[in-house]
Amino acid sequence: MQLRIAILEGDDIGLEVVPEAVKVMKAAAAKAGLAVEWLPLPIGRAGHASHGHSMPQFTVDSLKTVDGWLQGPIGHNAYPRGDATWINPPLRKIFELFANVKPVKSYPNIESIHKNVDIVFLREVTEGMQSGSVTFAGTGEFRPNDDITIGHRVITRKGSNRVARAAFEIARTRTRKRVTAVHKEPIFRLACGMFAEECRKVAQEYPDVSFDEVLVDGFAMKLVMKPQPYDVVVTTNQFGDILTDEGAGLVGGLGLAPGLCIGAHQAMAQATHGSAPDIAGQNIANPYAMIMSGKMLFEWLGHQRGLPEAVAAAAAIDAAMDAVIADARALTGDLGGSGSTRDMGDAVAAAIG
Ligand code: NAD
């Protein structure tokens, strides 16, 4: 079986880090005997230039034909309001990419607040706060008069159940096999209550995975003080938005924060960082997050489509990245090295062999 993967470079440093991720993925696919058809598609300024919009309908239609895609960051500041501002939330809705999976991993030789951290966060991203609600001008907020603003949060059994199930499936593939649900049920009895109920229901179907629950305020503190015991953490949209940045901060920051938005049939590899216009065009951006997002795409497609070659390609990228980080010579400036974006991509591709 051949995978079909689209490449959407995005803006600014997206034009630099996405090609490095593709280079590494091609090397890993060749090594593992995985057949991939690559499909470049315009988005961001390239979308404007070719189709007059940062997310052309042509691109959306083409994405319906692929198994997954890599998406670089959008430089929102460069667009008129109302154009590029809402690319990510609507895309997640159109393709029902309901969970943003974000690993947080420390490395022995990279400066970080904590060591021996290896957590996978799953943040629900199609409902809750900041999901790009279809009501109230797309933000989930409205202002009935000049003195009052009302924000709303929609939580459904379907949305809670599927993100919980995805968390248990991921936990099953890991050594510690533990899922922690983070919510605030004692206060938000209905919304967090429904989310927690669905997590508990799903937990009963996975007796091989241990399950516990922590209230979000206490969890934020425990994460700062002692993150090591956590394995897979599942939570609602806005709690996840905040906690995943906190998690990235514990192990070295944005440059080390990959992500994969997963749905029922497709997935989108997307680093947490933005388009970093302050360093764009200088060949100094750290490609780690984009490369490891691509690795996650291979891994997810491998399990989803029953393709051991894709799982092997992901494992090859993981091992090569570990080797390049341990060696340290090709690392970019933000990781304490003096390598360029291309040096680091080349080193990872070369380590794959
Ligand atoms: P940013 O993540 O782009 O940059 C924050 C800081 O981190 C900057 O100093 C930047 O140089 C640095 N940085 C980010 N990624 C890096 C990397 N890979 N290597 C080395 N350093 C890196 O956040 P921002 O400055 O707030 O936003 C810039 C633009 O990106 C804005 O237009 C914002 O709206 C957009 N943005 C897009 C996405 C997305 O499309 N997924 C996400 C966040 C921000």
Side-chain angles (χ1 to χ4, degrees), residues 7-21 24 41-48 53-55 59 63 69-93 95 97 100-102 110-112 123 125 130-132 139 237 240-242 244-249 251-261 267-297 321 324-325 330-345 348:
I7 305 166
L8 285 68
E9 291 187 339
D11 297 321
D12 302 323
I13 64 164
L15 304 174
E16 300 163 62
V17 295
V18 174
E20 296 310 313
V24 168
L41 291 172
I43 189 180
R45 272 168 232 146
H48 256 293
H53 197 278
S54 53
M55 176 48 85
T59 296
L63 288 179
W69 66 96
L70 280 89
Q71 187 165 314
I74 306 301
H76 297 109
N77 300 343
Y79 297 91
R81 205 174 156 73
D83 180 351
T85 312
W86 286 100
I87 284 185
N88 289 317
L91 259 191
R92 288 171 185 153
K93 275 190 186 291
F95 291 95
L97 303 174
N100 196 350
V101 185
K102 292 190 176 188
I110 290 192
E111 198 181 324
S112 60
R123 166 190 168 202
V125 282
Q130 62 193 73
S131 61
T139 61
N237 199 340
D241 187 34
I242 298 164
T244 51
D245 269 30
E246 185 187 333
V251 298
L254 276 181
L256 290 175
L260 185 73
C261 282
M268 167 174 75
Q270 189 178 48
T272 302
H273 61 72
S275 70
D278 53 332
I279 58 166
Q282 298 174 44
N283 193 22
I284 59 171
N286 177 1
Y288 173 98
M290 201 62 235
I291 292 171
M292 295 306 275
S293 303
K295 173 231 124 172
M296 292 172 74
L297 177 60
M321 185 62 87
V324 168
I325 288 184
L331 299 183
T332 47
D334 60 308
L335 298 181
S338 57
S340 68
T341 308
R342 273 195 294 278
D343 290 339
M344 194 160 158
V348 180

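The first residue in the sequence is number 1, and the count goes up from there. In listed order, ligands and their atoms are each counted from 1.
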Residue pair Asp12 / Arg45, side-chain heavy-atom distance below 4.5 Å: yes
Contact bool for atom 44 (C) of ligand 1 (protein heavy atom, d < 4.0 Å): yes
Gln270 and Leu260: CA distance, side-chain angles, deciding distance, side chain to side chain contact (heavy atoms under 4.5 Å, CB included) verdict: CA-CA 6 Å; Gln270 189 178 48; Leu260 185 73; over 6 Å; no
Closest protein heavy atom to atom 41 (N) of ligand 1, given as residue, atom name and distance to 0.1 Å: Asn88 ND2, 3.4 Å
Numbered atoms of ligand 1 (with element) below 4.0 Å of Leu254, judged on heavy atoms: 2 (O)
Side chains of Glu9 and Ile43 in contact at under 4.5 Å (non-hydrogen atoms): no
Any Gly75 heavy atom less than 4.0 Å to ligand 1: yes
Crowding at CD, Glu111 (>12 non-hydrogen neighbours, <6.0 Å): no
Contact partition for Asp278 relative to ligand 1, non-hydrogen atoms under 4.0 Å: side chain
Option from Arg92, Gln71, Arg123 for which side chain to side chain contact (heavy atoms under 4.5 Å, CB included) with Cys261 holds: Arg92
Ligand 1-proximal atoms of Asp12, by part, heavy-atom distance under 4.0 Å: neither
4.5 Å side-chain heavy-atom contact, Leu63 and Leu41: yes
Ala271, portion touching ligand 1 at heavy-atom distance under 4.0 Å: neither
Residue part near ligand 1, for Gln270, under 4.0 Å between non-hydrogen atoms: side chain
Nearest protein heavy atom under 4.0 Å from atom 3 (O) of ligand 1, yes or no: yes
Test item: protein heavy atom less than 4.0 Å from atom 15 (N) of ligand 1: yes
Selection from Ser275, Ala280, Gly274 by shortest heavy-atom distance to atom 29 (C) of ligand 1: Ser275
Ligand 1 to Asp334 polar contact by distance, N or O atoms, under 3.5 Å: no
Distance from atom 33 (C) of ligand 1 to nearest protein heavy atom, with residue and atom: His76 ND1, 3.5 Å
Under-4.0 Å protein heavy-atom contact, atom 27 (O) of ligand 1: no
Side chains of His273 and Asn286 in contact at under 4.5 Å (non-hydrogen atoms): no
From CA spacing to verdict: side chain to side chain contact (heavy atoms under 4.5 Å, CB included), Leu97, Leu91: CA-CA 8 Å; Leu97 303 174; Leu91 259 191; 5.6 Å; no
Pro287 side chain near Thr332 side chain, heavy-atom distance below 4.5 Å: yes
Protein heavy atom at shortest distance from atom 31 (C) of ligand 1: Asn77 ND2, 3.7 Å
Under-4.0 Å protein heavy-atom contact, atom 18 (N) of ligand 1: yes
Ala285 near ligand 1 by a heavy-atom separation under 4.0 Å: yes
Geometric class of the Phe95/Trp69 ring pair [parallel <30°, tilted 30-60°, perpendicular >60°]: perpendicular
Side chain to side chain, Leu335 and Leu256, heavy atoms closer than 4.5 Å: yes
Heteroatom proximity flag, Ile74 to ligand 1, N/O under 3.5 Å: yes
Asn286 and ligand 1 - part of the residue with a heavy-atom distance under 4.0 Å: both
Atom pair CD (Glu20) and CE (Met290), whose distance is rounded to the nearest 0.5 Å: 12.0 Å
Contacting atoms of ligand 1, where contact means under 4.0 angstrom from a heavy atom of Pro277: 28 (C)
Short N or O distance, Ala276 and ligand 1, threshold 3.5 Å exclusive: yes
Shortest protein heavy-atom distance from atom 22 (C) of ligand 1, along with the residue and atom involved: Ile279 CD1, 4.0 Å
Side chain to side chain, Thr244 and Thr272, heavy atoms closer than 4.5 Å: no
